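Quick notes on the structure that follows.
The shown structure was predicted, so the numbers you read here are calculated from the model rather than taken from an experiment.
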Amino acid sequence: MLKEQARAVARLVWLADLTLTSAAFLLAFYIRDRILPILWPDQFPTGLFPVERYLTILPIVLVIWSLLLFSHHSYHSHRTVSIFEEAKTTIRIVATGVILLATVAWFAPLRQLSRSWFVIFGVLAAVFLLVEKMFVRQIARWVRERGFNYRTILIVGTGRQAREVASLILSHRYWGYKIIGFISDGHRLPGEWSRYRVLGDLSDLKGILSGDASHPLEPIDDVLFALTRRKLESVEHLFLLCEDLGIRTRVAVNFFPESEARVELEELDGIPFVSYSRVPTNELQMMMKRLLDVGLAGLLMAISLPVTALAALAIKMTSSGGVLYTQRRVGLNGRVFTLYKFRTMIADAHEKRHEVEHLNEMGGPVFKARTDPRVTPVGRILRRFSLDELPQLWNVLRGDMSMVGPRPPIPEEVNLYERWQRRRLSMKPGLTCLWQVSGRNEVDFDRWVELDLQYIDNWSPLLDFKIMLRTIPAVLSGRGAS
């Protein structure tokens with residue numbers, strides 16, 4: 001019954017999400033087409049194309065929004081999700097959706113769509129969905145605080161871990177959980193917990209769950225096991241009992257309390273695994289990142305063909321050696337690949353590196369020097385505007401790299417990494433990154449790695465978009481010089 005009600009509520013919320021998104025879509029058109037030309041005629045002298053042209057992409061909008069909402073588990077129970085987290089997720093969904101929609105519009109014959117309309121639509125969609133989510137949340141909390149729609153929970157365990165879980169539940173009354181008691185695992189509950197009943201020990205749990213007359217108790221919705229790893233092995237029969245009785249069972253798996261990794265449960269051919277990861281794992285978002293990489297890399301390669309040809313010609317005419325410079329670099333999780341760049345140094349530069357080691361301006365296992373005498377005059381121009389990195393668009397198309405990600409190191413540098421620095425290899429390397437737009441040579445190596453880890457820990461499609469936007473002025477101003 002509870003599951004059927006949850007599904008019905010989820011469907012209603014999904015329909016409300018799509019209805020509000022459609023309303024934001026149309027209202028954004030009306031504001032840009034009718035109101036802005038009246039309020040600011042200098043900035044918006046004309047209206048938009050007929051609404052029919054915009055309506056052709058409304059189905060695409062609804063499909064994108066549905067995929068993003070479902071991929072972010074928007075229709076699962078949000079009892080334990082904070083308001084801030086739900087708001088942040090909603091804004092992330094809308095921002096990602098607008099970026100994807102703009103990308104689709106660019107590649108489809110819809111480039112004439114108004115950029116200001118995209119902005120207005122994004123703002124309105126975010127506001128509408130946020131208001132709706134807050135309204136639904138407040139209604140749910142109001143209902144739970146009055147004793148409705150709550151779930152009873154029995155905690156198996158009386159040790160520190162069990163008390164921490166109970167304290168967490170008690171500090172979030174709006175989750176709608178009612179603790180009906182504890183099952184002892186051999187520990188004594190301290191005095192401050194005396195108002196909660198210890199209903200028995202592990203040997204009594206079968207009778208309690210089965211509704212034995214000797215254990216009168218109100219119905220149990222959830223059983224939460226908060227035991228040590230060793231004791232969990234001895235209660236398998238109790239798990240199976242909960243399964244047979246149709247009682248939802250949870251297990252506290254904070255086996256490594258010092259770990260900062262995100263914990264996820266996944267299933268491989270019927271075998272459940274607890275996964276710990278500090279890198280993005282949302283498959284839909286990573287697929288979208290890859291699609292954007294391919295689309296942008298292909299587009300930039302086509303646009304930059306004249307510049308690429310001129311750069312290749314200038315290199316060939318001004319110095320001996322090949323046009324391209326290839327080098328082994330370390331990519332995702334230690335994979336070695338061949339990186340392509342325009343050659344900006346003399347042909348035998350690698351053999352002469354020992355002669356210029358004293359010019360190194362970076363600490364740690366990297367070499368960076370603004371006044372490197374091995375760089376050719378043409379190479380300095382290419383480096384100043386990061387044009388030497390254009391061939392790496394081919395690395396992006398091949399899948400060795402991404403448009404945004406930590407810069408790929410050489411194997412010799414990786415061999416000198418400290419343990420904490422190796423985590424920068426846990427995400428596919430990129431053409432640009434936070435370090436690239438944060439001063440480059442002005443940032444020491446430890447700070448460089450910290451920026452990479454900050455990117456990995458906080459990755460989102462919106463963050464990629466922000467970094468790419470910041471890369472443009474950095475390149476045009478020459479701050480991209482290495």
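- For an aromatic pair to be called close, the ring centres must be under 6.0 Å apart, and F337 with W394 fails this.
- Checked against a 6.0 Å centroid threshold, the rings of Y417 and F445 count as neighbours.
- Nearest heavy atoms, P408 versus P429: CB-CB, 3.7 Å.
- Exactly one residue among R424, R422, R423 makes a salt bridge (charged side-chain N to carboxylate O under 4.0 Å, His left out) with D452. That residue is R424.
- Put simply, the side chain of P377 does not reach to within 4.5 Å of the side chain of T318, judged on heavy atoms.
- Across every non-hydrogen atom of Q421 and D446, the tightest pair is NE2-OD1, 3.1 Å.
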Going through the checks in order, is the side chain to side chain contact (heavy atoms under 4.5 Å, CB included) test met by W65 and D17?
CA-CA 9 Å; W65 255 244; D17 287 342; over 6 Å; no

Between S426 and N333, does a side chain to side chain contact (heavy atoms under 4.5 Å, CB included) hold up when you go through it step by step?
CA-CA 5 Å; S426 63; N333 293 328; 4.2 Å; yes

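- Of the possible donor and acceptor atoms, none in the side chain of E389 sits under 3.5 Å from a partner among the backbone N and O of S386.
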Please list every donor-acceptor pair under 3.5 Å in which a side-chain atom of residues 24-31 meets a protein atom from a residue at least two apart or in another chain.
none

Please lay out, stage by stage, how V378 and M317 fare under the test side chain to side chain contact (heavy atoms under 4.5 Å, CB included).
CA-CA 10 Å; V378 169; M317 293 181 62; over 6 Å; no

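- Here the side chain of R329 pairs no donor or acceptor atom with the backbone of R407 at under 3.5 angstrom.
- The side-chain heavy atoms of L425 and P409, taken from C-beta on, include a pair separated by under 4.5 Å.
- Checking side-chain atoms of D388 against main-chain N and O of G379 turns up no donor-acceptor pair under 3.5 Å.
- D33 and W117 share no side-chain donor-acceptor pair at under 3.5 Å.
- In summary, the side chains of T344 and R383 do present a donor paired with an acceptor at a separation below 3.5 Å, with no hydrogens or angles considered.
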